[in-house]
There are 2 protein chains.
Amino acid sequence: MTDSTERLEDTGYRLTAPRRAVLDAIASINRPFTIEELSEGLPNIGRATVFRTVKLLQELDIVCRVPLEDGSVRYERSRSGRHHHHLICSVCGSVTEFSDPSLDAAIEQNATSASFELESHSAELYGRCDSCRTTS
Amino acid sequence: MTDSTERLEDTGYRLTAPRRAVLDAIASINRPFTIEELSEGLPNIGRATVFRTVKLLQELDIVCRVPLEDGSVRYERSRSGRHHHHLICSVCGSVTEFSDPSLDAAIEQNATSASFELESHSAELYGRCDSCRTTS
DNA sequence: GACCTACTTGACACTAAATATCAATAGAAT
DNA sequence: ATTCTATTGATATTTAGTGTCAAGTAGGTC
Ligand SMILES: [Zn+2]
Ligand SMILES: [Zn+2]
Ligand SMILES: [Zn+2]
Ligand SMILES: [Zn+2]
């Protein structure tokens, strides 16, 4: 959170009370959330401001967008703050980050083969996490 | 298209006039489309039916869902009708399919390492296609 | 061909997610 | 403290998609 406020200031954004409140709320949630859920926990903050702030935090790699298999979207505080991919459990909804240079290399290789200038990419893995797999 | 109608019948779905119309419309569009665009070209077909039909065609791997970088979604007739990934050009909007067993293997490897039971996955590549890259 | 029945359709209302507008507010720099 | 501009909040609007249900029709049976 302190780290996050610094990243906001460093990039020239104002450190406002609503932004602090959204950051605090995100820090206190320990599961993937929807903006609606986040907004419900912040009744004094305008809904549009919550949307705007989460969008801003995505650009700063503080929060990341997690697309679910059904097309809906959740958000999660990024653990690493760097490029990564997700393991998304369809049972408990947990999201785990991972990064793998060889996966990224395979992606880059495909772009190169197609003479495609790669700017970014996404990869999401859907299934059942370890604890949901062993519990069932 | 003939292939598509067969796939509909084989799976027990009725081959109705609206479904034919949607299939024909999709066959005649040669770029990624939104349901709204598709629906505009089919004024005699109810909007809900267009949505329902496209959803059905996705299940039959006749059409696939293409998530863009900005979070919006387009659809495209699948060339291969099999598992694949996309090269999505941010300039012209073109979508190219590719499949790569070694990419899929890298994804499976990551799931295995995390004791995650992989059910499905997605991978989308964003950037500039060959012709947009050389033209600029 | 006529009949039947379950599948499908279309119109409409509705929800969910997000953006646009714009006057009022408040960081933060001097 | 003053000023200037980024930001906020209330509200309206957009976009994408789903729920409902009476009416219509494909496709099998006689
Ligand atoms: Zn993430
Ligand atoms: Zn990657
Ligand atoms: Zn595809
Ligand atoms: Zn794959």
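Each chain gets a letter, A, B and so on, in the order the sequences are listed, and its residues count up from 1. Quick caveat: nothing in here was measured; it's all calculated off a predicted structure.
- Using bins of under 30°, 30° to 60° and over 60° for the plane-to-plane angle, the ring pair H121(B)/H83(B) lands in the perpendicular bin.
- Within the 3.5 Å criterion, the main-chain N or O of L68(B) finds no donor-acceptor partner in the side chain of R74(B).
- Side-chain atoms of R19(A) and base atoms of dG27(C) include no donor and acceptor less than 3.5 Å apart.
- With hydrogens and angles left out, the side chain of R52(A) and the base of dG9(D) share a donor-acceptor pair within 3.5 Å.
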Could you go step by step and tell me if T49(B) and R52(B) meet the side chain to side chain donor-acceptor pair (under 3.5 Å) rule? CA-CA 5 Å; T49(B) 299; R52(B) 285 185 291 234; 3.3 Å; yes

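- Judged by distance alone with a 3.5 Å cut-off, a donor-acceptor contact links the side chain of R14(A) to the base of dA6(D).
- Summary for the helix from dG1(C)-dC30(D) to dT30(C)-dA1(D): the axes at its two ends, each from 5 pairs, differ by 40° when rounded to the nearest 10 degrees.
- With rounding to whole Å, I35(B) atom CD1 is found 6 Å from dG17(D) atom P.
- A sub-4.0 Å separation between OP1 or OP2 of dA16(C) and a side-chain N or O of S72(A) is absent.
- Between Q58(B) atom CD and dT18(D) atom C1' the separation is 14 Å, expressed in whole Å.
- If you measure from atom CG of L8(A) to atom P of dA28(C), you get 10 Å, rounded to the nearest angstrom.
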Determine, step by step, whether H85(A) and E124(A) satisfy the side-chain contact (heavy atoms from CB on, under 4.5 Å) criterion, reporting the C-alpha distance in whole Å, the side-chain angles of both residues, the deciding distance to 0.1 Å, and the verdict. CA-CA 6 Å; H85(A) 303 289; E124(A) 312 293 338; 5.9 Å; no

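- When the side-chain nitrogen and oxygen atoms of T16(A) are compared with OP1 and OP2 of dT8(D), one or more of them lie within a distance under 4.0 Å.
- For the pair R20(A) CZ and dA26(C) C1', the interatomic distance rounds to 13 Å; values are reported in whole Å.
- One atom, CZ of F51(A), and another, C1' of dT21(C), lie 17 Å apart when rounded to the nearest Å.
- Within the nucleic acid shown, D70(A) has no heavy atom closer than 4.0 Å to any nucleic acid atom.
- Two residues, Y13(A) and T34(B), neighbour DNA chain D, and the one matched to the more 5' nucleotide by heavy-atom proximity is Y13(A).
- Taking the side chain of L15(B) as heavy atoms from C-beta on, and the options dG27(D), dC12(C), dT11(D), the nearest nucleotide is dG27(D).
- dT14(D) atom P lies 13 Å from atom CD of E36(B), rounded to whole Å.
- Of the N and O atoms on the side chains of E69(A) and S90(A), not one donor lies less than 3.5 Å from an acceptor on the other residue.
- With rounding to whole Å, D10(A) atom CG is found 13 Å from dA28(C) atom P.
- Looking at S113(B) and Q109(B), their side chains do bring a donor and an acceptor atom within 3.5 Å of each other.
- Where R65(A) and A17(A) meet DNA chain C, the nucleotide closest to each residue was compared, and R65(A) sits on the side nearer the 5' end.
- Atom P of nucleotide dA10(D) and atom CG of L42(A) are separated by 13 Å, given to the nearest angstrom.
- A close approach under 4.0 Å does occur between a side-chain nitrogen or oxygen of T49(A) and OP1 or OP2 of dG9(D).
- One finds a side-chain N or O of Y75(B) lying less than 4.0 angstrom from the OP1 or OP2 phosphate oxygen of dG17(D).
- The base of dA18(C) lies close enough to the side chain of R47(A) for a donor and an acceptor atom to sit less than 3.5 Å apart.
- Within 6.0 Å of the CZ atom in R133(A), the count of heavy atoms belonging to other residues, nucleotides or ligands exceeds 12.
- For R65(B), the CZ atom sits in a packed shell: over 12 heavy atoms of surrounding residues, nucleotides or ligands are nearer than 6.0 Å.
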